[in-house]
Each structure stands twice: as C-alpha cells, then as structure tokens.
Amino acid sequence: YKKQAYPELNALKGRIREKKSSYRLLSQKVGCSTNTIYLMLNGYCSPSGEYVEKICSELDINPDDVVKYFFPEYCETQYMQELRNEIMLR
C-alpha cells in the first residue's frame with residue numbers, strides 16, 4: 001500500500017478535463033507511463049521539472065500559473081497568510 005507524500009493536484013486534474021485530455025493521452029505526449037501521471041496527480045510522487053515543463057506545454061498552462069497547478073499547498077499557505085494579514089489590519 002502506497003502512502004501519499006505530496007498533495008493531490010486537483011487543479012491539474014481539472015485542467016486535463018478542460019483540455020479534453022486524459023491520463024493516457026497526456027502520458028503519451030510527455031513521454032512517460034500512464035501510471036507515472038497517476039502517481040504524480042494523486043500525490044504519490046513529485047513531478048520533475050522536466051515533466052512540469054512538458055505538462056504545462058501540453059495543457060497550455062501559463063508560467064505564471066505553475067504554482068497554482070503544481071504546488072497547491074503553497075497557494076493555500078499564501079492565501080491564509082494574506083487573510084491573517086488582512087484581519088490584523090482591521
């Protein structure tokens with residue numbers, strides 16, 4: 001039984017659906033197995049920089065949005081920090 005080591009990449013899963021793609025099609029385009037895509041998207045392994053770049057290219061992800069799709073925990077942390085700052089300023 002594998003244990004998740006990274007957050008699930010739900011925004012990226014949504015982007016795959018938006019682009020009418022699938023794990024299988026994406027894996028073929030970026031040059032890895034369908035299982036590797038599954039493991040990356042479900043938090044069982046972290047995508048390398050090379051895969052991040054290829055996936056962004058295939059799914060038309062703007063470089064400014066890489067954090068949103070590949071590092072959701074960072075976005076959540078930033079949001080919570082901004083919210084705390086806003087509350088403290090009141």
Side-chain angles (χ1 to χ4, degrees):
Y1 177 72
K2 290 189 179 215
K3 184 178 177 188
Q4 277 185 306
Y6 305 95
E8 202 170 323
L9 303 179
N10 291 318
L12 191 55
K13 290 178 182 182
R15 184 67 173 192
I16 292 168
R17 286 190 297 275
E18 283 174 20
K19 291 295 183 175
K20 309 277 191 264
S21 192
S22 66
Y23 289 12
R24 184 179 54 77
L25 289 173
L26 185 60
S27 69
Q28 290 171 350
K29 290 181 179 183
V30 302
C32 68
S33 71
T34 304
N35 191 51
T36 298
I37 294 291
Y38 171 85
L39 293 172
M40 287 188 283
L41 293 177
N42 289 293
Y44 295 105
C45 71
S46 178
S48 68
E50 178 185 355
Y51 283 131
V52 169
E53 190 175 323
K54 288 178 178 182
I55 291 168
C56 286
S57 176
E58 287 302 324
L59 298 177
D60 298 319
I61 295 174
N62 186 305
D64 294 337
D65 294 328
V66 169
V67 171
K68 170 185 164 186
Y69 288 102
F70 290 92
F71 305 100
E73 72 284 2
Y74 177 78
C75 291
E76 187 175 311
T77 301
Q78 286 296 103
Y79 171 75
M80 292 306 290
Q81 189 173 15
E82 289 171 12
L83 189 59
R84 265 189 245 111
N85 289 343
E86 186 178 311
I87 290 169
M88 292 178 82
L89 291 174
R90 289 183 189 176

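Keep in mind it's a predicted model, so treat the numbers as computed, not measured.
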inquiry  = Tell me whether K13 is salt-bridged to E8, with the criterion being a basic N under 4.0 Å from an acidic carboxylate O.
reply    = yes

key: Inter- and intrachain pairs under side chain to side chain donor-acceptor pair (under 3.5 Å), touching residues 25-35, at least two apart   =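 The answer is S27-T34, S33-T36.
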
query = Taking atom OG of S46 and atom OH of Y51, what is their separation to the nearest 0.5 Å?
reply =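 If I round to the nearest 0.5 Å, the distance is 12.5 Å.
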
ask   = Nearest 0.5 Å, what's the CD1-CG distance between I16 and L41?
value = 4.5 Å

Would a single hydrophobic cluster contain both [Y] and [X], if residues Ile, Leu, Val, Met, Phe, Trp and Tyr are joined by side-chain heavy-atom contacts under 4.5 Å?
X	Y	answer
I55	Y44	yes
L25	M40	no
V66	V30	yes
V52	F71	yes

ask   = Who passes side-chain hydrogen bond (donor to acceptor under 3.5 Å, both in side chains) against E53, sequence neighbours left out?
value = none

Residues in side-chain hydrogen bond (donor to acceptor under 3.5 Å, both in side chains) contact with N10, at least two apart in sequence or another chain =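 Partners of N10 by the side-chain hydrogen bond (donor to acceptor under 3.5 Å, both in side chains) criterion come out as none, since no residue qualifies.
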
query = Parallel under 30°, tilted from 30 to 60°, perpendicular over 60°: which one fits the rings of Y23 and Y38?
reply =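 Ring orientation of Y23 relative to Y38: tilted.
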
key: D64: partners by salt bridge (Lys or Arg N to Asp or Glu O under 4.0 Å), with sequence neighbours left out   = none

task = Report the residues that fulfil salt bridge (Lys or Arg N to Asp or Glu O under 4.0 Å) with E50, sequence neighbours left out, ordered by chain and then residue number.
result =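 Checked E50 against salt bridge (Lys or Arg N to Asp or Glu O under 4.0 Å); matches are K54.
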
message = Looking at R15 and D60, would you say the former's side chain and the latter's main chain have a donor-acceptor pair under 3.5 Å?
response =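 Yes, because the side chain of R15 sits within donor-acceptor range (under 3.5 Å) of the backbone of D60.
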
Heavy-atom check, side chain of Y69 versus side chain of L9, under 4.5 Å =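 Not in contact.
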
key: For K19 against L59, the heavy-atom pair lying closest together   =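 The pair with the smallest heavy-atom distance is CE-O, 3.4 Å.
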
